[in-house]
Number of protein chains: 2
Amino acid sequence: MRDYSFPHSPSKRRLLEEAEKLFADRGFDVVSIRDITKAAEANSAAVNYHFGSKDGLIAMVVSRYLVPINEKRLTELNSLEKQYGSQPVPIEALLEAMVRPMAGVVRKSELSERLFYKLLGRIFSLQHEGFPSVVEQQVKLLANRFRRALGKHFPNVSEEELAWKIQFVVGAMIHTLIHQEWMNQMTDGASGAPSVEVTLERFVRFAAAGLREGVPDANADSQGAQVLFDF
Amino acid sequence: MRDYSFPHSPSKRRLLEEAEKLFADRGFDVVSIRDITKAAEANSAAVNYHFGSKDGLIAMVVSRYLVPINEKRLTELNSLEKQYGSQPVPIEALLEAMVRPMAGVVRKSELSERLFYKLLGRIFSLQHEGFPSVVEQQVKLLANRFRRALGKHFPNVSEEELAWKIQFVVGAMIHTLIHQEWMNQMTDGASGAPSVEVTLERFVRFAAAGLREGVPDANADSQGAQVLFDF
DNA sequence: GTCTATAAAGTGATAGAC
DNA sequence: GTCTATCACTTTATAGAC
């Protein structure tokens with residue numbers, strides 16, 4: 001919780017902001033240090049001075065959003081498991097715990113919603129390469145916790161089957177984060193411009209249905225989910 | 001159908017093969033012309049001579065697999081719609097028509113299964129940038145056909161809602177194609193090493209369940225799908 | 001068709017003046 | 001902290017010998 005806040009130096013902060021915009025728009029690989037320093041109206045050595053290297057800057061961008069999001073996810077998960085005790089946490093609640101914290105962190109940046117989610121998508125799709133080891137550990141822990149909590153619903157489903165289902169869910173999430181706007185022109189505008197709230201809800205319903213597929217609803221929460229949410 | 005076959009020149013073919021391996025493994029942006037010519041044991045001017053430019057090479061790689069896959073998808077779709085007449089084509093059959101042709105084209109390359117699917121995933125995630133315009137048109141047509149066929153199942157679902165669901169499905173597919181092997185270490189081996197056949201089937205079931213979510217099964221094919229497949 | 005050499009521009013990173 | 005200048009390399013692409 002210490003180093004991931006705003007930089008005190010105003011120029012360091014400007015660099016970070018412009019870097020985030022460019023990374024979100026075009027990807028980490030493609031954007032150069034010079035692209036960033038030019039956009040931030042700084043000299044070309046500024047990134048290396050403030051962040052040590054390009055990788056250092058990327059690690060900073062990754063940590064700044066991913067760490068608080070993952071902390072929030074973890075506390076949500078803890079709270080849910082405490083709340084439900086030995087009962088399995090409803091699938092929708094688990095999914096919410098994974099995606100809703102993203103929406104909570106938007107305001108920490110000066111990015112537009114559109115760019116913020118796109119940046120998050122690019123961060124997620126790094127999948128380790130370029131993750132600081134702290135974040136990597138955090139992600140791995142979270143993935144295990146999530147998988148285990150989900151597994152309680154499907155005692156008869158193999159670990160393999162469950163891992164693949166989760167893979168599908170993660171893919172749907174990342175792709176949607178990155179390609180929201182592209183989707184609009186692809187579908188000739190049919191995708192509309194729904195609020196994040198609506199999109200999150202759609203995603204959760206879709207993912208939950210996919211996860212439940214082929215499973216005898218042992219815990220009967222396919223009917224009771226909406227009710228349980230009212231507690 | 002003309003230019004997408006194997007190049008006649010053996011060195012051109014070697015370049016293409018090595019390029020495909022490298023692109024699959026590390027991505028189009030990251031791999032340089034020199035990486036490719038070195039791997040193919042050719043001189044550094046070879047790519048520009050045979051393909052005009054790096055973009056020309058990428059366009060060739062894209063077309064070579066995507067064009068036949070999309071042609072197969074289209075004929076599958078045509079055949080299904082003819083078969084079912086005014087009845088909507090079962091969702092599972094539509095999904096199969098989209099993903100199964102990928103498995104049919106593996107053998108056209110000398111790539112391993114693993115690299116071939118990873119390459120396909122990277123091609124799909126290009127989403128236009130770098131698509132030859134012929135392919136772009138083909139993709140757009142196919143997307144429209146698929147969306148329309150799917151829409152027949154959900155007369156009461158808005159175009160917007162449907163577009164988002166399709167987005168989720170596409171994301172799940174692409175991400176799975178690219179990150180199969182990464183998944184294994186992430187889950188400490190829990191994802192196993194299933195055959196492509198098994199993965200395809202899992203994907204189709206997952207996607208179909210997600211698409212059906214929240215929809216009063218007007219056409220009742222959630223029960224009858226397996227039976228219909230026997231024709 | 002294949003090669004070497006090289007152009008022209010871009011890359012991340014650093015030294016050293018201010 | 002900020003800047004310029006520059007190093008050491010890599011990038012795509014091309015000219016021209018063979």
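Lettering follows sequence order; numbering is per chain, from 1.
Taking 4.0 angstrom as the limit, B:S11 places a side-chain polar atom (N or O) nearer than this to OP1 or OP2 of C:dT2. Look at B:S32 and you won't find any side-chain N or O under 4.0 angstrom from OP1 or OP2 of D:dT10.
Cation-pi geometry between A:K54 and A:F28 is not met: the NZ or CZ atom fails to fall both under 6.0 Å from the ring centre and inside 45° of the normal. Annotation: cation-pi pair B:K140/B:F131 absent, no NZ/CZ under 6.0 Å from the ring centroid and within 45° of its normal.
One atom, CG of A:D35, and another, C1' of C:dA9, lie 13 Å apart when rounded to the nearest Å. Counting to the nearest Å, the P atom of D:dT2 and the NZ atom of A:K38 are 20 Å from each other. Atoms CG (B:D29) and C1' (C:dG10) sit 15 Å apart, rounded to a whole Å. Rounded to an integer number of Å, the gap from B:K12 NZ to C:dC3 C1' is 19 Å. Atom CG in A:L15 sits roughly 12 Å away from atom C1' in D:dG1 (whole-Å rounding). Rounded to an integer number of Å, the gap from CD1 of A:I36 to C1' of C:dA13 is 14 Å.
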Worksheet item: How does each nucleotide of nucleotides 13-18 of chain D score, in 5' to 3' order, for protein heavy atoms under 4.0 Å: base (B), sugar-phosphate only (S), or none (-)?
Response: BB----

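Residues A:N78 and A:T75 bring no donor and acceptor atom of their side chains to less than 3.5 Å of each other.
Contact between B:P101 and B:R73 at its shortest, heavy atoms only, is CG-CG, 3.7 Å. Taking each heavy atom of B:S125 and B:I178 in turn, the nearest pair found is OG-CD1, 4.1 Å.
Considering only side-chain atoms of A:N43, the nucleotide from C:dT11, C:dC3, D:dT2 that sits closest is D:dT2.
Between A:M173 atom CE and A:M98 atom CE the span is 7.5 Å, to the nearest 0.5 Å.
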